[in-house]
Amino acid sequence: MVQQTLGDIFSGYVQKAGAVFSNRNILSHDHMPEQAMHRDEQMQHLATILAPSIQGARPSNVFLYGKTGTGKTLVARQVTKELEKASDRVVVLYMNCKMKRVADTEYRLFAELSRELGKTVPATGLPTDEVYRIFYEAIDSRPQNVILVLDEIDALVRKVGDEILYNLTRVNTELKQARLSMVGISNNISFIESLDSRVKSSLSEEEIIFPPYNANQLKDILSTRAEKAFHSGALGGGVIEKCAALAAQEHGDARKALDLLRVAGEMAERKKEPTVTSGFVDAAEDKLDLDRTTEVVQAQPKQSLAVLAGILKLTDKGEKDIQTGDIFLEYEKISAKCGLKPLTQRRVSDLIAELDMLGIINAKVISKGRYGRTREIRILLARPAVEKIRRVLERNYLV
DNA sequence: GTCAATTCACATGAAAGAGACCACGGTCTAGTG
DNA sequence: CTAGACCGTGGTCTCTTTCATGTGAATTGACGA
């Protein structure tokens with residue numbers, strides 16, 4: 001009986017899946033198209049910089065920057081892939097530093113890199129310099145040019161500090177037969193300025209800037225992908241234009257444009273509509289916002305949620321100018337009620353700062369003169385998002 | 001009225017501790033021939 | 001004799017506490033016009 005219905009659902013889904021999409025994966029983040037559109041200049045630039053590695057010379061370190069979804073990763077991956085094909089002396093290590101549990105610490109980064117080079121390294125337990133040595137030997141085991149691509153390099157520096165980059169830039173002086181060069185990718189332009197000057201000069205021997213896509217370019221990109229992803233005629237008029245325009249408003253983020261298009265398609269499919277209309281794009285935009293916040297909130301540890309619950313409670317009371325101290329008092333009550341070990345104010349202050357970073361709340365440091373210095377905290381989100389958060393908190397018995 | 005000193009309520013930094021996790025090597029134990 | 005269980009040691013990682021220092025404008029109080 002149940003199996004029957006489940007079967008129906010699935011088979012219905014299989015049929016429906018063909019209704020709008022012909023290949024949904026084309027629109028996903030990890031899909032790498034063969035051609036990066038409107039990025040020829042950057043590709044050529046990067047290729048010329050890295051080309052000497054084919055002849056065994058060490059290419060300059062390069063720093064790529066531009067906002068999210070401007071094709072940095074795509075260009076870097078494509079160029080390095082071709083490079084690897086062109087010469088067997090070139091080895092490319094790609095590392096996304098934002099991936100949790102991969103590059104949180106110096107140890108993990110080197111362990112992961114060594115693994116990529118075919119060494120086995122335990123997840124913990126070894127002294128850090130031991131891992132460093134393993135990595136070093138792995139590189140120097142044969143004459144080769146190792147190109148290390150560090151994506152989201154700012155995340156790495158934030159967690160580990162810039163000493164690691166300094167060490168990496170200096171590796172060459174100790175290598176006997178191999179060469180190491182780095183490609184740093186960051187979407188934070190001011191990041192490079194915050195680095196130690198020694199690191200700064202050696203890391204950004206060359207720089208390539210990725211300007212945001214404009215609405216027309218986004219439209220091209222979307223059209224090309226949509227052609228393969230959707231059935232012909234499944235997209236209503238103006239849908240692509242709308243996605244492109246919305247994403248262009250948000251610093252020309254191609255990733256966002258693709259998300260919009262994909263989600264709009266999914267929604268149409270679920271509603272069993274044969275065509276995606278621009279109304280679905282609006283709905284998709286709302287949904288993307290909402291999904292992001294709930295996802296972020298859900299991933300928070302319980303203590304952080306308790307702090308958030310305190311903020312929510314004070315907001316419900318209609319209090320304006322909520323301060324760190326108020327939240328701490330409220331938090332203490334909540335944690336006592338839930339049998340949570342209360343943290344110190346120092347820690348709570350950090351948790352508040354983290355919630356601010358995540359964009360869930362807005363915490364501005366203000367000085368109230370004689371009445372001290374504190375954070376003024378507000379909830380940023382629209383009503384539906386707040387309700388979703390409340391549900392997450394309820395599930396954790398915090399409301 | 002002007003101006004420097006004071007003061008508040010935290011923010012922010014640095015260092016260090018606790019507890020969890022993991023690898024590794026040594027020792028013990030049970031099973032096998 | 002050997003494989004596997006078990007334990008202690010030494011290392012990292014994350015979260016947290018403790019202690020110390022910093023901060024910026026309202027307020028205060030001295031001073032001079």
Side-chain angles (χ1 to χ4, degrees), chain A residues 95-115 117-138 152 154-164 167-168 190 194-196 296-311 314-315 319-336 338-378 396 398:
Chain A
M95 182 70 45
N96 187 335
C97 306
K98 214 173 193 175
M99 298 254 284
K100 271 235 157 173
R101 314 240 134 238
V102 172
D104 278 11
T105 65
E106 197 169 2
Y107 182 101
R108 285 196 182 142
L109 180 77
F110 282 120
E112 186 61 32
L113 290 173
S114 307
R115 263 178 231 128
L117 288 166
K119 298 267 176 178
T120 48
V121 186
T124 65
L126 261 52
T128 305
D129 40 340
E130 179 69 14
V131 192
Y132 190 74
R133 197 184 50 77
I134 293 175
F135 170 66
Y136 186 78
E137 277 171 9
E152 315 249 19
D154 41 336
L156 175 69
V157 171
R158 203 166 48 235
K159 281 183 204 138
V160 187
D162 56 3
E163 196 152 316
I164 189 170
N167 289 341
L168 277 170
S190 56
S194 67
L195 290 177
D196 185 302
V296 170
V297 170
Q298 258 163 358
Q300 292 311 301
K302 204 154 185 183
Q303 293 285 7
S304 207
L305 290 180
V307 174
L308 187 56
I311 298 173
L314 289 171
T315 319
E319 285 193 35
K320 287 187 257 169
D321 324 337
I322 305 174
Q323 301 180 13
T324 307
D326 307 337
I327 294 174
F328 183 62
L329 291 178
E330 199 62 43
Y331 158 80
E332 277 187 314
K333 279 189 223 156
I334 291 173
S335 62
C338 305
L340 218 54
K341 184 177 154 257
L343 301 174
T344 54
Q345 178 151 343
R346 175 72 186 83
R347 180 66 187 136
V348 170
S349 172
D350 277 348
L351 291 179
I352 292 173
E354 277 168 33
L355 288 173
D356 177 42
M357 273 241 303
L358 293 167
I360 300 169
I361 61 171
N362 185 352
K364 204 170 74 184
V365 178
I366 53 157
S367 179
K368 294 161 63 115
R370 187 73 207 251
Y371 306 105
R373 220 165 103 92
T374 182
R375 284 197 173 90
E376 199 175 77
I377 291 133
R378 247 184 247 138
N396 286 279
L398 289 169

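Note on naming: letters A, B, ... go to the chains in the order of the sequence lines (proteins, then strands), and numbering restarts at 1 for each one.
- Proximity note for T324(A) (side chain, C-beta onward) versus dT12(B), dC10(B), dT16(C): the nearest is dC10(B).
- Whole-Å rounding puts the I366(A) CD1 to dC8(B) P distance at 18 Å.
- Atom pair Q300(A):CD and dC15(C):P shows a separation of 11 Å (rounding to whole Å applied).
- Out of dT17(C), dA11(B), dT28(C), the shortest distance to the side chain of R370(A) is found at dT28(C).
- Comparing R346(A) and D326(A) by the nucleotide of DNA chain B that holds the closest heavy atom to each, the one mapping nearer the 5' end is D326(A).
- I377(A) places none of its side-chain heavy atoms less than 4.5 Å from the side chain of N362(A).
- In terms of phosphate contacts, Q323(A) brings a side-chain nitrogen or oxygen within less than 4.0 Å of OP1 or OP2 of dC10(B).
- Summarising the geometry, the separation between CD1 on I352(A) and P on dA9(B) is reported as 16 Å, rounded to the nearest angstrom.
- For dA11(B), the OP1/OP2 oxygens have a side-chain nitrogen or oxygen of S349(A) closer than 4.0 Å.
- Nearer to the 5' terminus of DNA chain B, by closest-nucleotide assignment, is the contact made by Y371(A) (compared with the other of Y371(A) and R375(A)).
- The closest donor-acceptor contact from the side chain of E330(A) to the backbone of A309(A) lies at 3.5 Å or more, if one exists at all.
- Atom CZ of R347(A) is separated from atom C1' of dA11(B) by 15 Å (rounded to the nearest Å).
- We find that NZ of K364(A) is positioned 16 Å from C1' of dT23(C), with the value rounded to whole Å.
- Within the 3.5 Å criterion, the main-chain N or O of F110(A) finds a donor-acceptor partner in the side chain of S114(A).
- Residues I352(A) and F328(A) fail the side-chain proximity criterion, which asks for heavy atoms closer than 4.5 Å.
- Here the C1' atom of nucleotide dC13(C) and the CZ atom of F110(A) are 17 Å apart, to the nearest Å.
- Residue R373(A) contributes atom CZ, which lies 18 Å from atom C1' of dT27(C) at whole-angstrom precision.
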